[in-house]
Structures are given as C-alpha cells and as structure tokens.
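Below is one structure, written out as structure tokens; comments come after it.
This chain uses plain numbering: 1 for the first residue, then up along the sequence. Treat the numbers as computed from the prediction; the structure is a model and nothing was measured.
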Amino acid sequence: MKPGMVPPPPGEESHTVALPPGWQSYLSPQGRRYYVNTATNETTWERPSSSPGIPASPGPHRSSLPPTVNGYHVSGTPAYPPETAHMSVRKSTGDSQNLGSSSPGKKQNKENTITINCVTFPHPDTMPEQQLLKPTEWSYCDYFWADKKDPQGNGTVAGFELLLQKQLKGKQMQKEMSEFIRERIKIEEEYAKNLAKLSQNSLAAQEEGSLGEAWAQVKKSLADEAEVHLKFSAKLHSEVEKPLMNFRENFKKDMKKCDHHIADLRKQLASRYAAVEKARKALTERQRDLEMKTQQLEIKLSNKTEEDIKKARRKSTQAGDDLMRCVDLYNQAQSKWFEEMVTTTLELERLEVERVEMIRQHLCQYTQLRHETDMFNQSTVEPVDQLLRKVDPAKDRELWVREHKTGNIRPVDMEL
C-alpha cells in the first residue's frame, strides 16, 4: 500500500430529486445543507423550487458570495464546499511521473483514506489493490510503506525502519563472519607454530638406514606443512578477512546516509501534516463564525451583522486559502518522501544484493584457499610416501653389518 495525495473534494448531491438548472447543494461544517446559484453566486438555506418561473427562495434567506479561490466560488462558479476541512485522498498509482502532482483527483470520501504516522494511504477496504512498482519481484520498494506491530511490544515499527534493521543486522552478521575468519587465522597460525616446533624435535633422531631417511623426511614434512599453513593464514587475512572488514565499514556509512535522509523527510512530512490539521481547525472555526453571523442576520439581531458577515467571509476565505496551501505543501512533502522512499529502498535492495554477493565470493575464496592448502599439504607428504616405499630391512641390515661387523669367524668345539 502506497501513500496517496490529499486534495479537497467537491461536494456531492445527496437528494434524489434534481435541482433546478444552475443550482448545486453543499453541507456546512455543522451538517446543514445550503444551495448555491452558479449564475448569480447567491446562496440560500431553502431548497430552490424546480418549477419554471418560481424564484429560488425569498430574499431574506439569500446572500451573495464574493469571488474567492481555493475551495470557494470563483468567477461565479462553485468550486469546493466548506467541507474542505474534511479532506479525502485519491489513490496513488505508483507512477514515478505523477509523484510530484498535488492536483485534486476523483471525488472520494474521507472514509477511503487512513493516516499512519502522518502519511495518507488509500483505505484497504475501499480501494482496489495498487499496482506494484516491480510486480515480478519481491522488491523492497513495494512492501514496506505501512507500519508493522512490534513483536516485542505494543508499539509499531515503520516499514523503512524494518529495512534498516535488516541492513544493520546484515552489517552485524558480516562483522561476525570477519571475526570468525580471524579466529580461523589464529588457529592456523598456532597450528603452524606447533608444527614447526615439532619438526625440530630430536625424538628418534638416531634411526638409521632407509627407515631413518623416511623418518627424517616425516619431520621435514612438518616444517613444510607449517609453512603452508602460515601462507594460508596470511591469504585468509588479505583475501577474506580484510575485504570483509573494509566492505562492512563502507556499508555502515551508506546506511547512516540513508537513515538520516529519510528521517529528515519524515520530520518535514510530520510538520506539514500538523500544519494541515491546524489550518483545518481554523477553517472550521471561521465557517462556524460565518454561519452564526448569517443566522443573526436572518433574525436581525444586530445592525452591524451585514458588515460582520463580510468580515467573516473574508476570514473564512483566507482560512480556506491557508488550508489549501498547507494541503499543497503536505502533498509536495509526501510526494518527495515517496520518491525518496522508492529510490532509497531500491538502493538498500542493491546494497543487500551487493553484500550477499560479496560475502559469497569471499567464502568461495576461502574454500579455494582450503583446497590449495590441502593440495600443498599433500605435496609435503609425497616425499615421505616415496621413501617409505623404498624401506628395505634386508638392505638396511646389510649396510649396518658392513659398517659394524666384528668378524666372520664362528666358534668351534674344544678338543681334548
């Protein structure tokens, strides 16, 4: 559901019998119906007769309305009735070409709208489903206009706030991933250190022959493996951990920029909405005052009533102008907020896709480094395998005997 604009509507005839040509009816703020002659700008509380040639109403019940603007009678044509204080909205199409327009739309009742946190929306029970901006995708720009009940309390959370929370959660997840990789690096570094230390151990150093050579190669393979793991840890830092950390910092800056920008627009929108409500109340008071003075004129309570009515009309007209100006400023602010919401939510969507893709690529790099490390580790033990296949106990015995023999004369029996 996307926000709609707030133009003041024209009045609607509630009687089933048609009025004479040139007459239209409106309701006063107190609910009393009055009638306007579009040709003469005259008004009357009594319903004009539909019979030809019969005057619309006796003179004491009529008054002439001066030309006005913004919801009143301009150049002899009725525009907006006094119910401009009760505004309605038109459905926003979501078309970016029409976002900045604040012109009045079709006639709709106030019941067709709802206001949530100073934003005007079409009422879901009376308005058809709005067209999505990106109907083939589950896009951020289509599904986060209204508020959602906070699962942890009785309050509500704005849709944009939910998006920010998701982005901030993504930032935290990225931070934790980089910390995880850092712990993995520490394990690799400690493991390499222990392997190098073990390779220098003198245990079984006196083993001889081909088995001794194989044993020496086993110890050397530990030193080679330690070097492999040191290189692995260094690459993890430069190719996985560091990019994750750097991207997270840039991501944090982007989030702050979006948050502050939308927050400023919401504050401006709230201010415009408060101004509309204030102007609406002022118009209602001016119209009530005008009606009271009109009633006083009918019963001739005061000689100054006619002048008072003129003054009251001027004030009512000014109040109507103020209300229309405030409505226009509100609609401009809401249109600006709507445009920026679309732009910003799409940017958040792009950043989330970029974040996920970046993490995926670096995790792929992690698995690639692991495969390379395993391959290098395998290469360190291949010489050991080769020497172990050459171990020959008979040959080792021959070499040892040749080196350490003490003689080949065997003992004989003693003679008597």
Side-chain angles (χ1 to χ4, degrees), residues 170-252 355-411:
K171 181 195 71 175
Q172 180 63 27
M173 294 303 97
Q174 190 171 321
K175 177 184 178 182
E176 292 180 8
M177 287 180 186
S178 64
E179 292 175 351
F180 178 90
I181 297 299
R182 181 57 195 161
E183 290 300 314
R184 183 71 172 90
I185 291 173
K186 290 180 179 180
I187 291 174
E188 287 297 316
E189 292 174 341
E190 187 66 23
Y191 183 54
K193 179 181 177 181
N194 290 335
L195 285 178
K197 182 179 179 181
L198 184 59
S199 68
Q200 302 298 321
N201 193 291
S202 60
L203 292 175
Q206 297 182 359
E207 179 62 49
E208 300 175 341
S210 58
L211 181 60
E213 293 177 5
W215 176 248
Q217 187 60 45
V218 168
K219 295 169 65 176
K220 183 179 183 302
S221 70
L222 295 182
D224 295 338
E225 187 178 356
E227 184 66 23
V228 169
H229 284 278
L230 279 177
K231 291 180 179 179
F232 177 48
S233 64
K235 287 185 176 181
L236 280 180
H237 173 70
S238 62
E239 299 179 19
V240 181
E241 181 199 14
K242 190 174 180 180
L244 282 176
M245 292 297 295
N246 290 342
F247 185 87
R248 186 181 66 84
E249 289 304 318
N250 296 334
F251 188 74
K252 183 177 180 180
R355 183 188 74 88
V356 172
E357 180 60 22
M358 184 277 302
I359 293 177
R360 187 193 69 82
Q361 290 179 0
H362 286 87
L363 291 182
C364 287
Q365 180 64 15
Y366 167 79
T367 59
Q368 179 63 27
L369 292 175
R370 273 295 313 273
H371 291 317
E372 291 178 0
T373 300
D374 293 341
M375 181 181 65
F376 291 141
N377 282 337
Q378 182 63 32
S379 67
T380 63
V381 297
E382 287 177 357
V384 178
D385 289 336
Q386 295 174 2
L387 289 176
L388 288 176
R389 285 192 292 268
K390 293 179 180 180
V391 170
D392 185 350
K395 183 66 174 179
D396 290 345
R397 183 175 63 253
E398 176 186 349
L399 294 175
W400 188 85
V401 169
R402 286 178 178 277
E403 181 179 354
H404 297 91
K405 64 181 180 179
T406 59
N408 56 359
I409 300 177
R410 296 184 298 276

Please find the pair of heavy atoms, one from [X] and one from [Y], that lie closest to each other, and give the distance.
{"X": "Trp215", "Y": "Leu203", "answer": "NE1-O, 3.2 Å"}
{"X": "Thr380", "Y": "Glu225", "answer": "CG2-N, 3.9 Å"}
{"X": "Arg355", "Y": "Gly170", "answer": "NH1-O, 3.1 Å"}
{"X": "Leu195", "Y": "Ala226", "answer": "CB-CB, 3.7 Å"}
{"X": "Cys364", "Y": "Thr367", "answer": "O-OG1, 2.7 Å"}

Q | Residue pairs passing the salt bridge (charged side-chain N to carboxylate O under 4.0 Å, His left out) test where at least one lies in residues 191-219, sequence neighbours excluded | A | none

How long is the gap from [atom1] on [X] to [atom2] on [Y], to the nearest 0.5 Å?
{"X": "Lys395", "Y": "Arg397", "atom1": "NZ", "atom2": "CZ", "answer": "11.5 Å"}
{"X": "Glu239", "Y": "Phe232", "atom1": "CD", "atom2": "CZ", "answer": "10.5 Å"}
{"X": "Glu190", "Y": "Asn194", "atom1": "CD", "atom2": "CG", "answer": "5.0 Å"}
{"X": "His237", "Y": "Ser178", "atom1": "NE2", "atom2": "OG", "answer": "11.5 Å"}
{"X": "Ile181", "Y": "Glu176", "atom1": "CD1", "atom2": "CD", "answer": "13.0 Å"}
{"X": "Glu372", "Y": "Phe376", "atom1": "CD", "atom2": "CZ", "answer": "5.5 Å"}

Q: Walk me through it: do Lys390 and Ser210 pass the test side chain to side chain contact (heavy atoms under 4.5 Å, CB included)?
A: CA-CA 7 Å; Lys390 293 179 180 180; Ser210 58; 5.6 Å; no

Q.
If the test is side chain to side chain contact (heavy atoms under 4.5 Å, CB included), which one of Leu236, Asn246, Ile185 qualifies with Glu241?
A. Ile185

**Q.** Qualifying residue for side chain to side chain contact (heavy atoms under 4.5 Å, CB included) with Leu244, from Lys175, Met358, Arg182
**A.** Met358

Q.
For Trp400 and His404, take the angle between the two ring planes, folded into 0 to 90°, and tell me which bin it lands in: parallel under 30, tilted 30 to 60, perpendicular over 60.
A. parallel

Q: Assign the ring pair Tyr191 / His229 to parallel, tilted or perpendicular, where the plane angle (0 to 90°) is split at 30° and 60°.
A: perpendicular

Q) Could Arg184 and Glu188 be called an ion pair, given the rule that one side-chain N must be under 4.0 Å from one carboxylate O? A) yes

(Q) I'd like to know if Glu357 pairs up with Arg360 as an ion pair, taking the criterion as any Lys NZ or Arg NE/NH1/NH2 lying under 4.0 Å from an Asp or Glu carboxylate oxygen. (A) yes

Q: Evaluate the criterion salt bridge (Lys or Arg N to Asp or Glu O under 4.0 Å) for residue pair Asp385 and Arg389; output intermediate values, then yes/no.
A: CA-CA 6 Å; Asp385 289 336; Arg389 285 192 292 268; 5.2 Å; no

Q: Under the side-chain hydrogen bond (donor to acceptor under 3.5 Å, both in side chains) rule, what do Gln386 and Glu382 come out as? Steps first, then yes or no, please.
A: CA-CA 6 Å; Gln386 295 174 2; Glu382 287 177 357; 5.5 Å; no

(Q) Between Asn377 and Thr373, does the side chain to side chain contact (heavy atoms under 4.5 Å, CB included) criterion hold? Intermediate values first, please. (A) CA-CA 6 Å; Asn377 282 337; Thr373 300; 3.7 Å; yes

